[in-house]
Amino acid sequence: MVSAGDFAYIPVVIFTSYFGGKGNRARWIGAGCILISIANFMIASSNFLFPVEQANVTTFIPSTLAHQIDRNLVHIDVNQSEHQWLEQLHPLIDPTNKVVMNYEGDEKADLLQKYVEYCHYNKGSQICNSLEKNISEKFPITDSKMSNVRAMVALPYGFCHSMLNFVRSQHYACKKDQSTLGPFMMIFGGLLVLGVGRTMPFSLGLPLMDDNVKKQNLPLYFSFMFFVKILGPVIGLLVGGQLNKLYVDFNPPQGLTPLDPMWIGCWWLGFLIFGTLLFGPSLILYFFPSDDLDINAPEEYDDEGKVKPRKRLNLVDRHIKKDEQGNALMPETVMDKVNDFKETITNLMKNRIFVGAMFGRIIDVLAFKGYFVFQAKYLELQFGVPQYRIQRYIASTGIVGFACGVMLGSFSMKFFKLQGRKAAAWVAVCSLVAALISFANGTVGCKSVIGQIGDQIKVNGPVFDGCRDDCMCDDVPLYPVCDVNGNAHYSPCHAGCAMGWKNYSIFDNAKANVDTLIFENCACVENKVKEVSRSYCKTDECEERFGRFFMHQAFGAIFGGLGVVPGMLIVLRAVPPEHRSVSLGFNGFLVSLLATLPSPIIWGKIIDMSCLLWKKSCDSSGSCSVYDTDELRIRLHVIYGCLRIFSLISDVWVWYWASGLKLIEEETPEEKGKEEEEKLRPKRKESVKEAAEKVEKTAYELDQLIDQRGS
């Protein structure tokens, strides 16, 4: 799914760069942005066309379970009348007192809970059947009780309660009629359209800018364009971080918070917002009226009385052959176009600098794309930090640092006059420093609650039996909690916690708004305070190292950005001007085919190599629940750093062949003379006027003097 956009990008990018480079590039870019906007709408629409199935219990619900939830959690039996009824019934259905004698828990526990445990081990016994019959007659199941059971089943965590967990397992059992094909195809189709749309802005936009700005100012324009390009992900991550605080349908299950692994943020709203914002400007760009900047201005004349040429934008590549109307000359027949295309690609592959730079970019993207895709997941596992905070930090350090590096790189090019080998050496040194910093992040880690659970798996194996067999925690979702000493448990069920809460209730609005849940009466907790909570997990060390990780990332991003503008100018200047769009398109084609497409798949496999516990999904393994966080940290950063070091081979290759390559064309004496003439022209006009006034004034004074003498 992550690589879906590349399936469309790869076969299209070369042709859009070839034909778009010979046409009106503004219109092509506008069309691409319109496609991107439509793709956003398609992706967001899957949330409305295929809504999430709500918890709707259709399996058999024991009257005992419905009664216990109603008595203990909804309408609390303050007067003990229902408890007394069961105490009176107990000798009649269990005259030998088997239920109490076989109970292994606290003797003070509720009698009904003792029956629940007994019936777990003695299903279908006469005692259990008699209890179920008496409760169903005395306290029949109503719609409200059914609703209460549905609410308990839909919770993102489980209690140590065999009946409740059995109903949950039956409800979430594999159903043959369930299919995710509809939303998958909608999102996949949207990503395909997105892949087609994004072929146009970059491969055509850089040459368009190159044709319309002064060469000596080109690095500044490029850095600004890259800054805006980077600003998009920054805004996206910040907005996404805020939207991740909202649940996908604005109505989260009771007790679920953004800190929980089961939380699903409002992912679709961002696509809807940005698709709407993009559509209008894209439409304006597509219907851009003319390449004349001053079409409505009056005609201006030069000193010789000739009409000055109007200022024009080079929307069509100014380096290609054109007819009298300014349209690009295209090969007439299909075979001529094919031969022209093949000749262009052959010339590019013979260009040593272009091939070396392209090889380095393939290795860099192979390392970076997959690492960046899974970085948020890695940070959540390693440091136990919620996604909205991670996205905020990635935006404010990594991407902003990279943007600052791009700006500094463009200023450095102009200040140090980086040309040829100097520019190639600059790119190589910046890449080396960024790679070394990535190794440093391999030493920054801590034991999050997921890491502690992973350590338990490494000692005891991938089994969480808990201390009680009657809890039925096998199908309970991951909901890490800790006791007051900081010891981690897979879920409240695995901690042996009875059904209920200490500070919270989904059936009482007065107790429904709390920051963290506290579960009590947990039999598997090895201390006097039989409680567990997410807030009891120790996070001080992880918070400190989480900040250190992003400090390293900020410096690495700055050095990574310093080489972007020089590297891009090396690619543009190494090829003939008329081949710039095709070179960028062909570069994007190979990078997507050999790096962007396989990178998430390769990195996903690398991450899964550190998995310790797989979720069960019907007849096959689902996603990974628990990782070996120490092994994951070292493996990720060593592989990433080694790939970045390997890409330095291409930087050395480019440095060797880049001798004499001009990246920034300095102004010629004639151009400087024209600029000085333009600056001085108003002053000259003004000085002539002043001289005329002085001559007129002098003549007047002379006439006055002659008249006086004559008289």
Side-chain angles (χ1 to χ4, degrees), residues 237-238 240-242 244-245 256-265 370-401 437-458 478-482 485-491 515-516 532-557 603-604 606-613 623-641:
L237 285 168
L238 292 176
Q242 295 300 314
N244 259 328
K245 294 181 180 180
L256 192 67
T257 67
L259 194 62
D260 301 312
M262 300 293 291
W263 179 268
I264 301 176
Y371 176 82
F372 185 78
V373 166
F374 293 104
Q375 187 182 44
K377 178 179 180 178
Y378 161 74
L379 293 173
E380 183 180 21
L381 295 169
Q382 184 65 233
F383 300 103
V385 178
Q387 284 290 329
Y388 72 87
R389 280 191 61 197
I390 291 171
Q391 292 177 355
R392 191 186 307 158
Y393 272 78
I394 290 175
S396 59
T397 58
I399 298 181
V400 171
I437 291 176
S438 68
F439 281 114
N441 262 342
T443 64
V444 181
C446 71
K447 281 297 177 187
S448 64
V449 62
I450 295 292
Q452 294 180 49
I453 294 173
D455 289 344
Q456 296 175 16
I457 294 177
K458 287 191 288 184
L478 173 65
Y479 189 92
V481 289
C482 302
N485 294 330
N487 299 314
H489 297 269
Y490 189 90
S491 74
D515 294 331
T516 55
V532 295
S533 174
R534 181 66 60 82
S535 61
Y536 295 157
C537 299
K538 298 177 181 178
T539 59
D540 294 341
E541 180 186 9
C542 287
E543 285 289 337
E544 185 270 329
R545 298 195 178 183
F546 180 70
R548 194 193 308 175
F549 178 94
F550 278 103
M551 182 182 69
H552 290 170
Q553 178 158 298
F555 283 111
W603 282 96
I606 292 171
I607 290 175
D608 285 344
M609 290 169 64
S610 300
C611 183
L612 295 174
L613 182 66
S623 59
C624 184
S625 297
V626 182
Y627 292 85
D628 184 343
T629 53
D630 292 333
E631 181 184 286
L632 178 63
R633 181 185 75 249
I634 295 171
R635 177 179 281 130
L636 278 184
H637 292 95
V638 167
I639 294 176
Y640 179 75

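Below, each value reflects all heavy atoms present in this structure, side chains not excepted, and no hydrogens, waters or symmetry copies.
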Distance, nearest 0.5 Å, that separates [atom1] of [X] from [atom2] of [Y]:
X	Y	atom1	atom2	answer
Y371	S438	OH	OG	7.5 Å
H489	C537	NE2	SG	9.5 Å
T397	F549	OG1	CZ	8.5 Å
R548	T443	CZ	OG1	7.0 Å
L613	I457	CG	CD1	4.5 Å
Q391	Q375	CD	CD	11.0 Å

Would a line drawn from the ring center of F546 to the ring center of Y393 be shorter than 6.0 Å? yes
Under the side-chain hydrogen bond (donor to acceptor under 3.5 Å, both in side chains) test, which residues partner [X], sequence neighbours left out?
X	value
Q387	E380
K538	none
T539	none

F555 meets the side-chain contact (heavy atoms from CB on, under 4.5 Å) criterion, sequence neighbours left out, with I437, M551
How would you list, by chain and number, every residue that makes a side-chain contact (heavy atoms from CB on, under 4.5 Å) with I607, sequence neighbours excluded? F374, Y627, L632, L636
Show the nearest heavy-atom pair for residues [X] and [Y], with the distance to one decimal.
X	Y	answer
G398	A557	O-CB, 3.1 Å
I634	G442	CG1-O, 4.4 Å
L612	C624	N-SG, 4.2 Å
F372	I394	CE1-CG2, 3.9 Å
I450	V626	O-CG1, 3.9 Å
R633	V444	CD-O, 3.1 Å

Main-chain N/O of [Y] paired with [X] side-chain donor or acceptor, under 3.5 Å:
X	Y	result
Q382	C446	yes
Q456	A488	yes
S491	Y479	no
R534	P480	yes

Test side chain to side chain contact (heavy atoms under 4.5 Å, CB included), reference F383, set R389, R545, E543, output is R545
Among M609, K458, R635, whose side chain to side chain contact (heavy atoms under 4.5 Å, CB included) with D628 holds? K458
Test side-chain contact (heavy atoms from CB on, under 4.5 Å) on W603 and I639; report intermediate values, then the result. CA-CA 10 Å; W603 282 96; I639 294 176; 4.0 Å; yes
Salt bridge (charged side-chain N to carboxylate O under 4.0 Å, His left out) partners of residues 444-453, not counting sequence neighbours, each pair once: K447-D455, K447-D630
Heavy-atom distance under 4.5 Å between the side chains of V449 and C482, does that happen here? yes
Side chains of D540 and E544 in contact at under 4.5 Å (non-hydrogen atoms): no
Would you tell me whether N441 and H637 have side-chain atoms, one donor and one acceptor, within less than 3.5 Å of each other? no
